[in-house]
Amino acid sequence: MDNFNFEKSLAFCPHKFEKINLQKELKRKSVIFVFLSLLSFYFSFCAVINVPIDYSTIQAGIDISADSDTVLVQPGTYFENINFNSHNITLGSLFLTTSDTSYISQTVIDGNQNGSVVIFESGEDTTAVLSGFTIRNGFSTYGGGIFCVLYSSPKISYNIITGNIADNGGGISINYFCNPIIENVKILSNIAEFYGGGITNWNQNNTIIRNAVISNNTAQRGGGISGSGIEIVDSEISHNTAVLQGGGMKLSGLVSLNNVQIFKNTSIGDGGGIYASSAEISIYNSMIIENISYKNGGGVYTKDISNINISNSNILGNQAVYGIGGGIYCDSSNVIFDPLNKCNIYLNYGISGNDFYSNVLINVVIDTFTVINPNDYHTLPAINFINFISNAIFNQTDQDMYVAPNGDDQNSGLSWSSPLNTIKTALLKTSADSLNPVSIFLAQGIYSVESTNEIFPISMFDNSSLIGTGPNETELNGGGERQVMHCLDIENVMINKMTITNGSIVDQPGNSFADGGGVSCIRSSIIFEDVDIISNNCDYYGGGMYIDDSEIILIDNTIESNTATMGGGMYIVDSNINLNYVDILENSSSYSTGGGMFINGSVLEYQHGFVSTNISNYGDVIDVGLSSITLKDVSITNNTTQSSGGALSLFDVEALLINVTVAHNSSLGWGGGILSSYSSNLTMINSIVWGNTPSNITYSPYLFPNQTHVYYSDVDTSNYSIVMNDNGVINWNSGNIFVDPQFFNASDDDFRLTEYSPCIDSGTDLIISEGDTLLNMPQSDYWGDAPDMGAFEFNTFNGIAGDMDQDGSVNILDIIIMVDIILGHYPPGYNQLIAGDANFDNEIDILDIIIIVDIILSSN
């Protein structure tokens, strides 16, 4: 069944939209005919009061009427807030007498934002009828459009209820022992501050809703409907939005849904289609399709010992964007499937448990699922599901998959000659374990919602790799609307050779859980190699990357031009991180700290990289707290902050800096270079701290004292560049100098050393302190008699470019070493980097090989 098309997939559904709509139309015409016949008989015995002919206002007509009378309203707009006041009458427009539905929109009761537009509060029964109006512009605590309360049970039919606002029940509020009938209505574009944008129904009511369209309503909870004691038949609930729970509906108590289409509703929190709590819900012959939650339960979210009985229904294409359980999320509840009238659940999407999450045992008895043998990626955890699945959309494979922008998700995906179109489909079709890891290969091109219908964020599973063709060739583009990649509870995963860009998580109420505009890694173990993370945004933490409780290795990456409130480039908490040849450039934190990096409670090892031109509008550019960090061969230059810590801020940190350049950073507060606070312990070896403003090293004057140990380093101590605030000591050990390091071109962010620099050969290759070896550098890592100070070893190898093995000549053996370095077999030492960097761009790549080959050929 791999040749899959979503529209064709509706053939699996026991009821199609077209069939439903035809049945509804025939039923509607039959009802209208019977209704008009009865109405003609009724009018022959009861008084008819005409508005505005007999009375100028609708309320005056109601007040003069007796039970069983009819108040017939001519077309027009009536600015009134009306109350039936216990009159069991029929109030209607000319639709009553003509069946012409145009009179519904022509006859408007406008509440003028002066309370509920229509009120039933005096025990009216179902002979109190409201029919044929547009009810709009109400504004109330309960029921902006219609308020039904205290044993009132009217019949509300053939109305449009739109543009009303309330705290609860934007369109309609039903409260306390009411049994109304609501049929053939459109409840559109109403707003509730708290519950039920379209309808709220609470406190022991029994409400029947038939042939209704409830659409484009908004609330905190229950965008379309909120409540209990509801029977909904032959209705559509679509395009509603909830800020916290239940985009379509938030339900509890007894609820019955029969032939209901629930589609394209959105919850910024949980439950895109339905949010059920302490509920007993029966779902028959219904569709829950393409709903979205930004947390858990794209289609259905159920909790608190709810029971959902579901028969002959379909849960398809729903998304839990940053959560789990794309189709169904079941928390301590029970979902019971009809074994005879089977359901279909497939192609739902989440970070994990794409189709189903349950923390209790579930018997899944259905006709069609995404795959026959689901794993944790489909049903989380798979051990909690007993599956009785008849058919599958995809045949699973344990082979590598191939994806291309010009591919087709109906292809097999097993070769470049038959590639898939979307990464998500490849992930759904693939199965892996520790003995049989799989790779998904991406062809050159852009993968986005717009160009390839990709679904973001991409979420991987254990023992898998995602491999492109290179950062300048393969691009995952979030379109400025979604996070690009979200990794949750996964291990043994590699992301390789691509650019991750244009991811975004915007500030939405209830959505503060979502961090990492480009990439989020939570409780995961992942290697990112040759990946550029560029121009992503998060209104919370981690513009480029958010890393929490994870073990992450980054090799040969660029993290550039990302923005966030905190941690513009990277936000790292409670994790072990290894960075090797990683450049962190031009990132920014907009309202808080960590323009380049925010690190807390973590262990960081960072070798060979640039941290440059990052901006923190408040706080520190590299903000480190309660952590242990080692930086080696790292250049931290030209970063700025509007507050304190222009380069590096340490809060209760053990920090070791080896061959680090901290230069020309600035702050408007303390510590243009390095700021130490709360008993931080900093050791610097072979490093340069120079030209930072207003100071190079600063101690916070508050709380516990700090220590700094300096070996063989060049530190500017002039003009108040060291500010200790009587809160600690600096131990100036052997080999330090205090003179201009003579950078090559600092104004152009080039902090290499000139040939006249006093820092050349002024470092050391061995430091032992109190029995601990802080540094033992092999000779292959430096040129000359001793290491240089700072991040850039000066080239003193007699000008033999390409002599990778230092044998005094350049030949094919040197080319082999360069190829191994480019392929990532091992990182170069500094001598190899200088020898192989023939075009002086501070990296070894194919362009350097071309230059070296020309040198070899010209020498022959």
Regarding [X] and [Y], do their side chains bring together a donor and an acceptor under 3.5 Å, going by distance alone?
| X | Y | value |
| --- | --- | --- |
| Ser215 | Ser238 | yes |
| Asn421 | Asp409 | no |
| Asn216 | Ser189 | no |
| Ser173 | Tyr195 | no |
| Asp234 | Asn259 | yes |
| Ser451 | Ser448 | yes |

Heavy-atom donor-acceptor pair, Gln245 side chain to Ser267 backbone, under 3.5 Å: no

Report yes if the side chains of [X] and [Y] come closer than 4.5 Å at any heavy-atom pair, otherwise no.
| X | Y | value |
| --- | --- | --- |
| His378 | Asn373 | no |
| Thr397 | Asn395 | no |
| Ile389 | Pro374 | yes |
| Leu420 | Lys429 | yes |

Phe598 vs Tyr541, side-chain contact (heavy atoms from CB on, under 4.5 Å): CA-CA, chis, key distance, verdict: CA-CA 9 Å; Phe598 177 88; Tyr541 303 141; over 6 Å; no

Residue of the set Ile328, Asn265, Ile308, Leu257 for which side chain to side chain contact (heavy atoms under 4.5 Å, CB included) holds with Ile274: Leu257

Set of ring-ring contact (aromatic ring centres under 6.0 Å, His included) partners for Tyr329, sequence neighbours left out: Tyr301, Tyr357

Pairing of Asp270 and Lys295 as salt bridge, 4.0 angstrom limit: no

NZ (Lys186) with more than 12 external heavy atoms under 6.0 Å: no

